[in-house]
Protein chains: 2
Amino acid sequence: MSDSRRRRVTLNDIAEAARVSRATVSLVLRDSPLVHADTRARVETHMRKLGYVYNRAAANLRRQTSSSVALVINDLSNPFFAEFAAGVDEALAAAGYVTLLGGTGESASRQQAVLGSLMEHQPAAIILSPAEGSDASRIAHAVGAHTPLLVFNRELEGAGWDFLGLDNRRGARLATEHLLKQGHRRIAFFGGHADSSSCRERRLGYGDALAAAGVTPEPQWLVECAPTRLEAAAQTGALFVRDPVPTAAVCYNDAVALGLMLGLARRGRRPGHDFALTGFDDIPESAMSVPPLTTLAADPRARGRQAAALVLARLKHAPGAHKRTIVPVQLVVRESSGGADTAAPPSARKRR
Amino acid sequence: MSDSRRRRVTLNDIAEAARVSRATVSLVLRDSPLVHADTRARVETHMRKLGYVYNRAAANLRRQTSSSVALVINDLSNPFFAEFAAGVDEALAAAGYVTLLGGTGESASRQQAVLGSLMEHQPAAIILSPAEGSDASRIAHAVGAHTPLLVFNRELEGAGWDFLGLDNRRGARLATEHLLKQGHRRIAFFGGHADSSSCRERRLGYGDALAAAGVTPEPQWLVECAPTRLEAAAQTGALFVRDPVPTAAVCYNDAVALGLMLGLARRGRRPGHDFALTGFDDIPESAMSVPPLTTLAADPRARGRQAAALVLARLKHAPGAHKRTIVPVQLVVRESSGGADTAAPPSARKRR
DNA sequence: CATATCAATTAGAACGATCTAAATTCGATC
DNA sequence: GATCGAATTTAGATCGTTCTAATTGATATG
């Protein structure tokens, strides 16, 4: 209430009001045992009365510390990363840090700008989920050598940064083995860009499983597309241009799988019935799709918390070799991988 | 590279290296025409050489300004809000501000904590999408009278804050009228909590349309549930416990509608065929569901940009009456509202 | 009573930038 | 060469905190 123009109330104002020195007020703020109980009470009264709010920026300046962590995300509109961001923020907040958000929209140049701008706010550390086409050396330049950086999800060779990622290779192998076990032999790998590290790794896992089963993949079973529903739906046809056509597909991720299901439906194939497929990520809508999607659960929210924890640990125990953390993923079997032509009953099986 | 322990390089270091005063370097930083071209060049060289990075916190302290805006979001894992956040961040970044993120997970008490923590970082303004059960006076206390606040999406009576929201009432009326036009008379309103402002407004619009058509809604056509897919699927049965049962439903939002579609499928009803329904928000998966969902487009990303713009405008032209902005929503007709028992062909109709 | 000990408080210099007001340099002019 | 005005540069205070090193009282000890 009252004069909206008035300048902020500071430690000095409180000191004056409570007739103590600025230093004492500062001690009260930080719960120092040095200050007498009566004094503390008096000071605290005045703080409340004047509506004091701590200026952490000033404190950080003096103490040469930082109370923020920058979070740079390639695609916030992807639920996987949104959940990840929520997890990061949750854990950082619990540790008393504030999250500086920066979205890059998959643009490497915006990523540079965002990093530059965030660095000016002196984050204690950076968590980066790199945009496509990121250049490690330019990132290194923007970030400098003194701010710890944790790279998430997409490998970025070069500098000594910490890394947190999924076990893409094993995940894709599990999915492929699952489809093999259902009797499929002609299995495609659908979606993703082969120049992204996660896509490469997933393709390796796919190849591992096929090789172990003695299956040689046809080149037309490897279809690239941007990892979005729309792109995937549009690329569906590429699977069926040349014999032998696949009867199943391991998809790069859930978005792609959902798009593929749509594309299949449009050409009159019933996913999970005429054609089996799997996803990757286990985003929430995968449990809800028709049919529900078999996929690999990565629990992005937990990954977010984990990323925050890694970064906080690095801040505590400062330097040391950079750390690669690869988290296992779990195969979640649902109906989309149900059967081939030789398949199982379409309905029933309510509970899971 | 080199000694990772070395302290940050500051204006003083540059000044010393370039043999000018700190003041001159500061002028160079801000592109002042006062400084001689030669001097400028020399200073800039040394800035690059030493790897200088601007300390915006120190500058803000001195100038009594802020270069950040706090964004407090009730539910980041809802794509609607994730998109909103992306839009806010995009527009803020373009204006040279940085986004301080705070997630509340729909908890009013966490919201208080988050607001308190963010305030300590002196944001220039706050954009708040309130958690359920928010208390306006406690928020007012946490935020203080000097930081402009924009409330998004859920009305919060009380203090003089700016507000940005959707035209919920008209949106729901449009959806209801659309279903009436398809021949439905027994139309339910499904989902949401009646104590949230947006749900109340949508119910009003629903009531407007029914009243205009001379239909009196049965009490069992009003079903509450939390606005998540899971809850909605679980509550589906509530629509069919007592005659007359509805043949269509206006859903509180897309998440609820998608959940209801699942619930319907489980009881053997084909949404868009045996039962018509509409959503609200037009989240990306609504276009992709089977059948695609008729809904009201709110373009959350554009809303985010708009919220940022409103807040920036408020910062420029400082005080003035608080402003209510209600944005229209657009009915997007897809197949989920296709027909009743007397319905249309289920397939074909590829292009839209 | 002088002095050592302890608890409580404080003056004043930081932190890294900006800003005001004044000082310095440089030609040009008389 | 002195003088003036414009062009450049700078010293030093300042923003709101924290920290170091003293300072102040009070109580206890010899």
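A quick note: this is a predicted structure, and the numbers were derived from the prediction, not measured.
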- request: Mind grabbing the angle between the end helix axes of the helix from C:dC1-D:dG30 to C:dC30-D:dG1? Five pairs an end, 10° rounding.
  value: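 Between the first-five-pair axis and the last-five-pair axis there is 80°.
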
Starting from [atom2] on [N], measure out to [atom1] on [X] and report it in whole angstrom.
X	N	atom1	atom2	result
B:R19	D:dT10	CZ	C1'	15 Å
A:L34	D:dT23	CG	P	18 Å
B:D38	D:dA7	CG	P	16 Å

field: A:G103 to A:V114 - nearest heavy-atom pair and separation
entry: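 Taking every non-hydrogen atom into account, O-CG2, 3.7 Å.
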
task: Determine the minimum heavy-atom distance between B:P148 and B:A124, stating which atoms define it.
output: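 So the minimum-distance heavy-atom pair works out to CD-O, 3.3 Å.
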
message: Determine whether B:V311 and B:D162 satisfy the following criterion, side chain to side chain contact (heavy atoms under 4.5 Å, CB included), listing intermediate values before the conclusion.
response: CA-CA 9 Å; B:V311 135; B:D162 292 327; over 6 Å; no

query: What is the distance from atom CG of B:L128 to atom CG of B:N153, rounded to the nearest 0.5 Å?
result: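 Those atoms lie 10.5 Å apart.
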
query: How do B:A57 and A:A37 order along DNA chain C: which one's closest nucleotide is nearer the 5' end?
result: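 The residue mapped nearer the 5' terminus is A:A37.
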
message: So, using side-chain hydrogen bond (donor to acceptor under 3.5 Å, both in side chains) as the criterion, who are the partners of B:R48 when residues are at least two apart?
response: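 Applying side-chain hydrogen bond (donor to acceptor under 3.5 Å, both in side chains) to B:R48 gives none.
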
- request: Hey, could you give me each pair passing side chain to side chain donor-acceptor pair (under 3.5 Å) that has a residue in residues 92-120 of chain B? Not counting sequence neighbours.
  value: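 Sorted result for residues 92-120 of chain B: A:R56-B:E120, B:N74-B:E106, B:D89-B:T99, B:E106-B:R154, B:S107-B:S109, B:Q111-B:S134.
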
- request: Answer with yes or no whether the side chains of B:N60 and B:S67 bring together a donor and an acceptor at under 3.5 Å.
  value: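 The answer is yes; a qualifying pair exists.
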
Short side-chain donor-acceptor distance under 3.5 Å, B:S26 and B:R30: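 Judged by distance alone, the side chains do pair up.
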
Atom pairs, N/O to N/O, protein against nucleotides 14-16 of chain D, distance under 3.5 Å?
| residue | atom | partner | partner atom | Å |
| --- | --- | --- | --- | --- |
| D:dT14 | O2 | B:R62 | NE | 3.3 |
| D:dT14 | O2 | B:R62 | NH1 | 2.8 |
| D:dC15 | O3' | B:Q64 | OE1 | 3.1 |
| D:dC15 | O2 | B:R62 | N | 3.3 |
| D:dG16 | N2 | A:A58 | O | 3.4 |

message: At a heavy-atom distance below 4.0 Å, which nucleotide of DNA chain C is the first touched by chain A, and which is the last?
response: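 Listing 5' to 3', DNA chain C meets chain A from C:dA8 to C:dG16.
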
- prompt: Okay, side chain of B:R314, backbone of B:H322: is any donor-acceptor separation there less than 3.5 Å?
  reply: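 Looks like no, no N/O pair under 3.5 Å.
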
query: Under 4.0 Å between a side-chain N or O of B:T39 and OP1 or OP2 of D:dT9?
result: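 Yes, within the criterion.
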
List, one per line, each side-chain donor-acceptor pair under 3.5 Å for residues 78-88 of chain A, sequence neighbours excluded.
| residue | atom | partner | partner atom | Å |
| --- | --- | --- | --- | --- |
| A:N78 | OD1 | A:F80 | N | 2.8 |
| A:E83 | OE1 | A:R301 | NH1 | 3.0 |

query: Salt bridge between A:D13 and A:R8, side-chain N to carboxylate O under 4.0 Å?
result: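 Looking at A:D13 and A:R8, the cut-off is not met.
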
